[in-house]
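The structure under discussion appears below in the form of structure tokens.
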2 protein chains.
Amino acid sequence: MVSPTAENYLKALFSLTAERGEVNITELSHLLQVKLPTANSMIKSLHEQGWVSYEKYKPLSLTPKGKKKAALIVRKHRLTEMYLVDKMGFGWEEVHEIAEQVEHIDSTIFFDRMDELLGNPNVDPHGSPIPDKNGEIQQKNHDPLGVFKPGEKAKLVALAHSSSDFLKFLNRRELLLGAELKIESIENYDNSMVVSYENHPFETFSKVVCDALLVERLV
Amino acid sequence: MVSPTAENYLKALFSLTAERGEVNITELSHLLQVKLPTANSMIKSLHEQGWVSYEKYKPLSLTPKGKKKAALIVRKHRLTEMYLVDKMGFGWEEVHEIAEQVEHIDSTIFFDRMDELLGNPNVDPHGSPIPDKNGEIQQKNHDPLGVFKPGEKAKLVALAHSSSDFLKFLNRRELLLGAELKIESIENYDNSMVVSYENHPFETFSKVVCDALLVERLV
DNA sequence: ATAATTTGTTAGATTAACTAAACTTAATAT
DNA sequence: ATATTAAGTTTAGTTAATCTAACAAATTAT
Ligand SMILES: [Mn+2]
Ligand SMILES: [Mn+2]
Ligand SMILES: [Mn+2]
Ligand SMILES: [Mn+2]
């Protein structure tokens, strides 16, 4: 129905439109690392096939049909990542590249079995939600650690993004999803936070890091 | 380096050349379900890239480099099938279609981990040998059940082919790899064999079936 | 030996995915 | 208001993978 290439376009549109609901082709072409005319002509074709709403010179968005399609690819991606971590012992920083390929496999039984063996998880190893079989996604609105005050406690539940560098940064500090963080103090100078968690008393995290750590308040 | 399409051509050549060492383009095009000129032009391109030995109007073969490449794709295919059966609970008749896609994934760590989790198996779920990391394959020369005589015993160790219909046929008769077969009698009329094995006394197998069951003699 | 058939090749087209270059429209700065 | 810049589109051309139709070579049958 759609090629892996087209699937990657839909997925890119899905994440780019997640907040604003609209994207321009330039952003899309940057994310996908293709030239502007390449993205332009693919968009025309996706529009003709009913995946994308689009008028010349206007920003674009996914149709409901396109959004569902994209969510189901994201589902395959995130199930795969979860499977690779939970069942095959990969680190959370190793799985994205593999999932980027596995997500294009066309086999209902394969992904259904993964889902079953994992016990129908609803988040991937980075805390991102896994859309259900209908492409519905329940967006949790987590706060970044940065909004908390000294003395408060919070549990790490997700990451704002999962770049390899960020994941390795967290690995080096043994900070995992589920960790209970206590804010010890905040530096006025650069808004960095001093935080304690299991076996790591008084770690200092820059503002950049704190904004990427998504947490839930504890008691 | 090579596209999934080209990988499928190499794999097809690998299996077609397994016995005779040479194939003609017509056979190849039939196996791959493409028209003759399509195969012809792909062969020209694979020849230019050094994967295939080829002269106009002559039958073709894989170069050593092409043979190794193909064996490594077969390795990924068979490891995948083994993984799907052993670790994910699929039936041996369900795995080929999935493996046909997974074999094109480009990730050393992924297949190395599969191999490791499986304990470095040397056969796939149908008893076909898994080439090693250098593309070396140790071809066991198994006998078909058809060459045995009444009163003899043999262990089922592989299948001459793994078509879905054949696998379902075996499923219905609960005949698995490793089964110990005793030849009870042979019908002169159609060369069918009457065979007993665990919980299945006196099953009759046609000549076609007997030739596809590869066995090892027991004491 | 010649004809018929099978097998393989070439030519010409199409579609998908991509690019560079040229052009147009929209946004922004002076 | 006009010039400059940014964003988007079109055109023309490439490569990979496929096809149909026409043709050529090799094999088999008469
Ligand atoms: Mn990912
Ligand atoms: Mn992908
Ligand atoms: Mn197979
Ligand atoms: Mn394949």
Side-chain angles (χ1 to χ4, degrees), chain A residues 1-14 16-17 19-62 66 69-70 73 100-101 103-106, chain B residues 1-14 16-17 19-62 66 69-70 73 100-101 103-106:
Chain A
M1 194 113 123
V2 279
S3 65
T5 307
E7 290 194 342
N8 285 337
Y9 277 80
L10 292 178
K11 210 158 54 88
L13 283 169
F14 187 77
L16 284 173
T17 56
E19 310 92 34
R20 282 159 302 155
E22 288 190 331
V23 225
N24 29 297
I25 300 188
T26 302
E27 288 175 81
L28 180 64
S29 73
H30 285 155
L31 185 61
L32 289 168
Q33 315 227 59
V34 296
K35 300 300 175 201
L36 190 51
T38 306
N40 187 269
S41 79
M42 178 60 91
I43 285 306
K44 268 164 69 171
S45 143
L46 292 174
H47 170 61
E48 279 154 25
Q49 296 169 250
W51 306 111
V52 162
S53 305
Y54 165 68
E55 278 179 90
K56 268 193 185 182
Y57 297 106
K58 300 271 173 66
L60 42 110
S61 59
L62 288 167
K69 181 82 174 174
I73 304 163
E100 201 54 56
Q101 299 181 62
E103 69 188 0
H104 304 293
I105 287 175
D106 177 19
Chain B
M1 195 109 124
V2 279
S3 64
T5 307
E7 289 194 343
N8 286 336
Y9 277 81
L10 292 178
K11 209 157 56 88
L13 283 169
F14 187 77
L16 285 173
T17 56
E19 311 92 37
R20 281 159 302 155
E22 288 189 332
V23 224
N24 32 297
I25 299 189
T26 302
E27 290 176 81
L28 181 64
S29 73
H30 285 156
L31 185 62
L32 290 168
Q33 317 226 60
V34 295
K35 300 297 173 203
L36 191 52
T38 305
N40 187 270
S41 81
M42 178 60 92
I43 285 305
K44 270 164 68 171
S45 144
L46 292 174
H47 171 62
E48 279 155 24
Q49 296 169 250
W51 305 111
V52 162
S53 305
Y54 166 67
E55 275 178 275
K56 268 192 186 184
Y57 296 104
K58 299 271 172 65
L60 40 109
S61 59
L62 287 167
K69 181 82 175 176
I73 303 164
E100 202 53 56
Q101 298 181 61
E103 70 190 359
H104 304 293
I105 286 175
D106 177 22

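Throughout, a chain's letter reflects where its sequence line sits, starting with A, and its residues are numbered from 1. These values consider heavy atoms only, across backbone and side chains, with no hydrogens, waters or symmetry-generated copies.
The residue B:Ile25 sits close only to the backbone: its heavy atoms come under 4.0 Å of sugar-phosphate atoms, none of a base. Contact annotation for B:Ser3: backbone-only contact, meaning every heavy-atom pair under 4.0 Å involves sugar-phosphate atoms and none involves a base. Heavy atoms of B:Thr26 sit under 4.0 angstrom from primed sugar atoms or phosphate atoms, though from no base atom. Residue A:Thr5 is classed as a sugar-phosphate contact, given heavy-atom separations below 4.0 Å to backbone atoms only.
The shortest non-hydrogen separation linking A:Glu27 to A:Val23 is OE2-CG1, 3.5 Å. A:Ser61 and A:Thr17 make their closest contact through CA-CG2, 4.4 Å (heavy atoms, listed as atom of the first residue, atom of the second, distance). In terms of heavy-atom proximity, B:Tyr54 sits nearest to B:His47 at O-CE1, 3.5 Å. The shortest non-hydrogen separation linking B:His104 to B:Pro4 is CE1-O, 3.5 Å. Contact detail for B:Ser29 and B:Ala39: the closest heavy-atom pair is CB-CB, 3.8 Å. Counting all heavy atoms, side chain and backbone alike, B:Val2 lies closest to B:Lys69 at CG2-CE, 3.3 Å.
In this structure, A:Asn8 atom CG and C:dA17 atom P are separated by 11 Å, rounded to whole Å. Atom CG in A:Leu46 sits about 12 Å away from atom C1' in C:dA17, given to the nearest Å. For the pair A:Ile43 CD1 and C:dA17 C1', the interatomic distance rounds to 14 Å; values are reported in whole Å. The CD-C1' distance, from A:Gln33 to C:dT19, rounds to 15 Å in whole Å. Rounded to whole angstrom, the span from the CD atom of A:Glu7 across to the P atom of C:dA16 amounts to 15 Å. If you take CG of A:Asn40 and C1' of C:dT25, they are 13 Å apart, rounded to a whole angstrom. B:Glu27 places its CD atom 8 Å from the P atom of C:dG8, with the value rounded to the nearest Å. For the pair A:Lys35 NZ and C:dA22 C1', the computed distance is 17 Å after rounding to whole Å.
Place A:Tyr57 and A:Met42 on DNA chain C by their nearest nucleotides, and A:Met42 ends up nearer the 5' end.
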TODO: Just do the side-chain contact (heavy atoms from CB on, under 4.5 Å) check on A:Val52 and A:Leu62 with the steps written out, would you?
DONE: CA-CA 4 Å; A:Val52 162; A:Leu62 288 167; 4.1 Å; yes
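For C:dT10, the OP1/OP2 oxygens have a side-chain nitrogen or oxygen of B:Lys56 closer than 4.0 Å.
Along DNA chain D, read 5' to 3', the first and last nucleotides having any atom under 4.0 Å from a heavy atom of chain A are D:dA7 to D:dT10.
Set against C:dA21, C:dT9, C:dA17, the side chain of A:Pro37 has C:dA21 as its closest nucleotide.
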